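Presented below is the structure to which this report refers.
To find a chain, count down the sequence lines: A is the first, B the second, and so on, and within it residues start at 1. What you are looking at is a predicted structure, and each value in this text was computed from that prediction instead of being measured.
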There are 2 protein chains.
Amino acid sequence: MLGDVFHKDCPAREVLGHLAGRWAILVLTALLAHPRRYHELRAVVAGISDKSLSATLRSLQQDGLVCREVGEGQPPTVTYSVTHLGRGAAAALTPLLDWIRANAEEITARRTP
Amino acid sequence: MLGDVFHKDCPAREVLGHLAGRWAILVLTALLAHPRRYHELRAVVAGISDKSLSATLRSLQQDGLVCREVGEGQPPTVTYSVTHLGRGAAAALTPLLDWIRANAEEITARRTP
DNA sequence: CAGCATCCTATTGGATACTG
DNA sequence: CAGTATCCAATAGGATGCTG
């Protein structure tokens, strides 16, 4: 089965690998509400470094989930937005983020050390 | 805001870090349908090593998402299942897995090299 | 069967400095 | 502003061998 994430070496496994990192999840979600410029993203996704942000954005572009638009003028203005495909991915991520928001405190509080 | 995944050093960010890896996602999902024993998990989650599987299971246990039960007899039989909390997490992951299953081929096909 | 210990390599990711 | 380049530290993760 081609879409079986449990099978090695299948496309689904590869895509999961791209989306599974915490940075991709956060960046994609940050773009869901509306497009953002590079420095906005760096501020919104607190703690991400330039290197990780640009690497994550490149990876998301290559997968066709994020669109990069360069504006006119000096200094350059670059805006990132989710594509139609990316919107679907981000939507699929919101239940996870919602669940984490709701349960994070309980988990960290009860954690067995 | 305590549950804000976009804020550094908040519980939500930490929990996201635990769940974000591909192994945690797959293991948790593999346990959603029904409990499984160690060797079943290793077979179902194709490609995972003993080291990564046991590390993932330990992490999920510490977060209270997975329960480990040791059976009687020799050789030992150890069964893993999702807790109530873990069931919620796994449920929050299914939209993501479903989306990946549905779109993985399109993504890998159109990938800009 | 269900793992842990060890060794090793590869990838991730932060800090810093620099550029068009 | 929007990155890229470089260096380096930390982590992930595979292979192998061993144990109760």
Side-chain angles (χ1 to χ4, degrees), chain A residues 5-9 13-28 30-31 35-63 66-81 112, chain B residues 5-10 13-28 30-31 34-63 66-81 112:
Chain A
V5 279
F6 289 106
H7 190 289
K8 281 175 60 180
D9 308 325
R13 224 12 192 295
E14 200 178 337
V15 172
L16 177 60
H18 300 164
L19 250 46
R22 63 182 179 290
W23 294 137
I25 292 178
L26 290 177
V27 169
L28 206 52
L31 290 175
R36 288 183 194 273
R37 289 175 55 187
Y38 182 87
H39 70 280
E40 287 183 282
L41 278 173
R42 194 177 39 197
V44 170
V45 183
I48 196 172
S49 66
D50 276 335
K51 182 181 173 180
S52 298
L53 179 54
S54 55
T56 302
L57 286 169
R58 253 200 315 277
S59 169
L60 291 172
Q61 277 172 243
Q62 284 171 3
D63 281 0
V66 157
C67 174
R68 179 180 187 271
E69 271 172 303
V70 182
E72 313 287 318
Q74 197 59 243
T77 59
V78 181
T79 305
Y80 293 91
S81 56
T112 69
Chain B
V5 279
F6 288 107
H7 190 289
K8 282 176 60 181
D9 309 325
C10 88
R13 221 19 188 295
E14 202 178 337
V15 172
L16 177 60
H18 300 164
L19 250 46
R22 64 182 179 292
W23 293 137
I25 292 177
L26 290 176
V27 168
L28 206 53
L31 290 174
H34 56 84
R36 288 183 192 274
R37 289 176 53 186
Y38 183 88
H39 71 279
E40 288 183 281
L41 278 173
R42 194 176 39 198
V44 170
V45 183
I48 196 171
S49 66
D50 275 335
K51 182 182 175 180
S52 298
L53 178 54
S54 54
T56 302
L57 287 168
R58 253 198 317 278
S59 168
L60 291 173
Q61 276 172 244
Q62 284 172 1
D63 281 359
V66 157
C67 174
R68 179 181 188 269
E69 271 172 303
V70 183
E72 313 287 317
Q74 197 58 241
T77 59
V78 181
T79 306
Y80 293 91
S81 56
T112 68

- [ ] From the options D/dG3, D/dA2, D/dC7, select the nucleotide whose nearest atom is closest to the side chain of A/Y80.
- [x] D/dG3
Open item on the list: Expressed as a whole number of angstroms, how long is the span from B/I48:CD1 to C/dC4:C1'?
Closed with: 15 Å
Open item on the list: Return whichever of A/G21 or A/P76 has its heavy-atom-nearest nucleotide of DNA chain C closer to the 5' end.
Closed with: A/G21
TODO: Output the single nucleotide from D/dA2, D/dC7, C/dG3 whose closest atom is nearest the side chain of B/Y38.
DONE: C/dG3
TODO: Give a yes/no on whether any side-chain N or O of A/R37 is located under 4.0 angstrom from OP1 or OP2 of D/dA2.
DONE: yes
TODO: Measure from CG on B/L53 to P on C/dA5 and round the result to the nearest Å.
DONE: 15 Å
Open item on the list: Using the side-chain heavy atoms of B/D50, tell me which of these nucleotides is nearest: D/dC7, C/dA2, C/dG3.
Closed with: C/dG3
Open item on the list: Side chain of B/S54, heavy atoms from C-beta onward: which of C/dC4, D/dG13, D/dT6 has the nearest atom to it?
Closed with: C/dC4
Task: Of B/R68, B/R37, B/E69, the residue whose pairing with B/Y80 passes side chain to side chain donor-acceptor pair (under 3.5 Å) - done: B/R68
Open item on the list: So A/R42, base contact, sugar-phosphate only, or nothing? Heavy-atom distance under 4.0 Å.
Closed with: nothing
Task: Listed nucleotide nearest any side-chain atom of A/R68, set D/dA2, C/dC1, D/dG13 - done: D/dA2
Open item on the list: Taking the minimum atom-to-atom distance to the side chain of B/K51, which one of C/dG3, D/dA2, C/dC7 wins?
Closed with: C/dC7
Task: d(CH2, B/W23; P, D/dG13) in whole Å - done: 7 Å
Task: Flag side-chain contact, heavy atom, 4.5 Å: B/V5 against A/R22 - done: no
Open item on the list: Which nucleotide wins on minimum distance to the side chain of B/R58, given the candidates D/dG13, C/dG14, C/dC4?
Closed with: C/dC4
Open item on the list: Both A/G47 and A/Q74 contact DNA chain C. Which one's nearest nucleotide lies toward the 5' end?
Closed with: A/G47
